[in-house]
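Below is one structure, written out as structure tokens; comments come after it.
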Amino acid sequence: MLTKWLVNRSLDSDRQEMMSNEALAVELNARTEDSAEGIKSFLENRSPTWQGY
């Protein structure tokens, strides 16, 4: 969802605005349960159990 949003926004944005949009997308994604699960499963050397939205 965030990638599609970034691609769509890129058509009408300059470089600085795109960098701000990307930073926002990374911050939003980093706060998800799936992000925490991905890191935890990597550290525990196991397959992740994704929950999705």
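Scanning both residues, Leu2 and Ala25, for their nearest heavy atoms gives CD1-O, 3.4 Å.
For Glu22, there are no salt bridge (Lys or Arg N to Asp or Glu O under 4.0 Å) partners two or more places apart in sequence or in a different chain. Applying the side-chain hydrogen bond (donor to acceptor under 3.5 Å, both in side chains) rule to Glu17 yields the partners Arg9; only residues at least two apart in sequence or on another chain are considered.
Proximity of Ser13 to Asn21: side-chain heavy atoms (C-beta onward) are separated by under 4.5 Å at one or more points. The side-chain heavy atoms of Leu24 and Trp5, taken from C-beta on, include a pair separated by under 4.5 Å. In this structure, Met18 and Arg15 have side chains that are not in contact, with every pair of non-hydrogen atoms separated by 4.5 Å or more.
Side chain of Asp34 to backbone of Trp50: no donor-acceptor contact under 3.5 angstrom is found. The backbone N or O of Thr32 sits nowhere less than 3.5 Å from a side-chain atom of Ser35 that would complete a donor-acceptor pair.
Here Thr49 contributes atom OG1 and Glu33 contributes atom CD; the two are 12.5 Å apart, rounded to the nearest 0.5 Å. If you take CG on Leu6 and NZ on Lys4, they are separated by 13.0 Å, rounding to the nearest 0.5 Å.
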Show the numbers, then the answer: is there a salt bridge (Lys or Arg N to Asp or Glu O under 4.0 Å) between Arg46 and Glu37?
CA-CA 10 Å; Arg46 63 173 174 80; Glu37 171 62 14; 2.7 Å; yes
